[in-house]
Amino acid sequence: KKTNNVVEKTIKRAREKDQKAKKLYTNARSLLVADQYNQAIVLFKQYLASYPNNNYARDARYWLAKSYLAKGDYRQAKRAFVIFQQGGKLHHKYSNSLFELGNVYIELKQNKQAKRLLSSMLVKFPSHYLANQAKRLLNKIAPKKAKK
């Protein structure tokens with residue numbers, strides 16, 4: 001009976017922690033959607049510090065990077081996207097992050113890195129919904145030379 005009580009209390013604490021984590025993540029996302037980037041960044045960072053292994057940690061890393069990008073803080077966006085991408089190529093936002101980081105490189109006038117990244121995205125994800133936009137960006141930073 002004592003063991004059952006300990007197990008029940010442990011499960012209850014885990015559920016409460018998950019609920020707090022989800023609420024913090026949801027609040028951060030809501031702030032991002034409401035264009036309150038500074039506040040969203042604070043909450044995403046708080047979430048990642050408090051719940052680094054929680055279910056939404058990978059997503060929080062992506063949305064943190066998007067928050068920096070939306071704010072126009074390209075250096076922090078670059079750093080956040082790179083950290084997100086190091087977490088694994090299997091995340092459903094990985095392909096989006098390649099495109100977003102390509103945009104960041106362009107804003108930072110790092111066209112060589114942008115070209116490499118966007119080209120890589122097109123090879124790995126040729127039918128991605130952002131593929132045409134990636135092609136337009138590539139043409140903008142490295143236009144094809146006309147044949148004579």
Side-chain angles (χ1 to χ4, degrees), residues 8-147:
E8 286 175 18
K9 285 180 182 179
T10 303
I11 290 171
K12 185 178 178 185
R13 276 196 305 270
R15 280 191 190 130
E16 288 171 357
K17 185 177 179 183
D18 284 346
Q19 288 172 345
K20 286 180 184 177
K22 186 174 183 177
K23 184 174 173 129
L24 183 57
Y25 173 80
T26 303
N27 289 344
R29 286 269 306 167
S30 295
L31 289 167
L32 173 59
V33 171
D35 299 337
Q36 296 179 24
Y37 309 124
N38 289 330
Q39 296 93 326
I41 289 167
V42 168
L43 290 189
F44 281 127
K45 287 173 135 184
Q46 184 180 343
Y47 175 90
L48 289 167
S50 300
Y51 310 104
N53 299 315
N54 197 274
N55 296 342
Y56 298 104
R58 298 294 325 138
D59 292 337
R61 290 205 179 283
Y62 175 78
W63 295 116
L64 174 62
K66 288 283 286 185
S67 298
Y68 282 123
L69 180 59
K71 182 181 167 188
D73 188 342
Y74 301 115
R75 296 208 184 285
Q76 287 296 335
K78 174 184 168 182
R79 184 175 168 270
F81 276 122
V82 168
I83 291 169
F84 168 78
Q85 290 174 359
Q86 291 169 347
K89 298 176 181 182
L90 299 178
H91 191 275
H92 66 281
K93 291 288 187 184
Y94 180 79
S95 54
N96 293 41
S97 75
L98 295 174
F99 177 78
E100 301 292 354
L101 185 54
N103 275 321
V104 168
Y105 282 136
I106 290 169
E107 291 295 335
L108 293 172
K109 309 287 188 239
Q110 298 173 349
N111 290 351
K112 191 175 185 181
Q113 292 93 326
K115 183 179 177 185
R116 180 181 45 80
L117 194 63
L118 292 169
S119 297
S120 169
M121 178 204 162
L122 290 171
V123 168
K124 293 176 185 174
F125 306 100
S127 59
H128 192 275
Y129 77 96
L130 291 170
N132 286 334
Q133 289 181 36
K135 289 174 188 174
R136 280 195 291 278
L137 283 176
L138 276 172
N139 285 334
K140 188 175 166 184
I141 60 173
K144 295 179 182 172
K145 294 177 182 165
K147 293 181 182 178

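Predicted model only: the values in this text are computed from it and were never measured.
- Shown here for Ala131 and Met121, the closest heavy-atom pair between the two residues is N-CE, 4.2 Å.
- The salt bridge (charged side-chain N to carboxylate O under 4.0 Å, His left out) contacts involving residues 110-126 comprise nothing, where partners must be two or more places apart or lie in separate chains.
- In terms of the ring-ring contact (aromatic ring centres under 6.0 Å, His included) criterion, residue partners of Phe84 (sequence neighbours excluded) are, by chain and number, Tyr62, His91.
- Scanning both residues, Arg58 and Ile83, for their nearest heavy atoms gives NH2-O, 3.8 Å.
- Contacts classified as salt bridge (charged side-chain N to carboxylate O under 4.0 Å, His left out) and involving residues 27-49 (residues at least two apart or in different chains) are not found.
- Between the side chains of Tyr129 and Asn96, at least one donor N or O sits under 3.5 Å from an acceptor N or O.
- Closest heavy-atom contact between Ala65 and Ala77: O-CB, 3.9 Å.
- Within the structure, salt bridge (charged side-chain N to carboxylate O under 4.0 Å, His left out) contacts touching residues 82-102 (residues at least two apart or in different chains) are Lys66-Glu100.
- Atoms CG and CH2, on Leu69 and Trp63 in that order, are 11.0 Å from each other to the nearest 0.5 Å.
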Side chain to side chain contact (heavy atoms under 4.5 Å, CB included) assessment of Gln76 paired with Lys71:
CA-CA 10 Å; Gln76 287 296 335; Lys71 182 181 167 188; over 6 Å; no
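- Applying the ring-ring contact (aromatic ring centres under 6.0 Å, His included) rule to Phe125 yields no partners; only residues at least two apart in sequence or on another chain are considered.
- Rounded to the nearest 0.5 angstrom, Leu43 CG and Asn27 CG are separated by 6.5 Å.
- Residues that satisfy the side-chain contact (heavy atoms from CB on, under 4.5 Å) test with Asn132, not counting sequence neighbours, are Lys135, Arg136.
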Are Ile41 and Leu64 close enough, and set up right, to give a side chain to side chain contact (heavy atoms under 4.5 Å, CB included), and what steps lead you there?
CA-CA 6 Å; Ile41 289 167; Leu64 174 62; 3.9 Å; yes
Check the pair Lys22, Asp18 against side chain to side chain contact (heavy atoms under 4.5 Å, CB included), reporting the backbone distance first and the verdict last.
CA-CA 6 Å; Lys22 186 174 183 177; Asp18 284 346; over 6 Å; no
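- The side-chain contact (heavy atoms from CB on, under 4.5 Å) search around Ala40 returns Leu31, Leu32, Phe44, Ser67, not counting sequence neighbours.
- Legend: residues meeting ring-ring contact (aromatic ring centres under 6.0 Å, His included) with Tyr68, ordered by chain and number and at least two apart, are absent.
- Scanning for side-chain contact (heavy atoms from CB on, under 4.5 Å) contacts around Ala114 gives Tyr105, Ile106, Ile141, with sequence neighbours left out.
- Listed by chain and number, the residues in a side-chain contact (heavy atoms from CB on, under 4.5 Å) with Glu107 are Tyr74 (sequence neighbours excluded).
- Here the shortest heavy-atom pairing between Tyr47 and Ala60 reads CD2-CB, 3.6 Å.
- By the side-chain hydrogen bond (donor to acceptor under 3.5 Å, both in side chains) test, Gln85 is found to be paired with Ser97, residues two or more places apart in sequence or in another chain being considered.
- Rounded to the nearest 0.5 Å, atoms CG (Leu130) and CG (Leu137) are 9.5 Å apart.
- The closest side-chain donor-acceptor pair between Asn55 and Tyr25, if any, does not fall under 3.5 angstrom.
- Residue Arg79 places its CZ atom among 12 or fewer non-hydrogen atoms of other residues, nucleotides or ligands, all under 6.0 Å distant.
- Under the ring-ring contact (aromatic ring centres under 6.0 Å, His included) criterion, Tyr37 pairs with no residue at all, not counting sequence neighbours.
- The shortest side-chain heavy-atom distance between Leu24 and Lys20 does not fall under the 4.5 Å cut-off.
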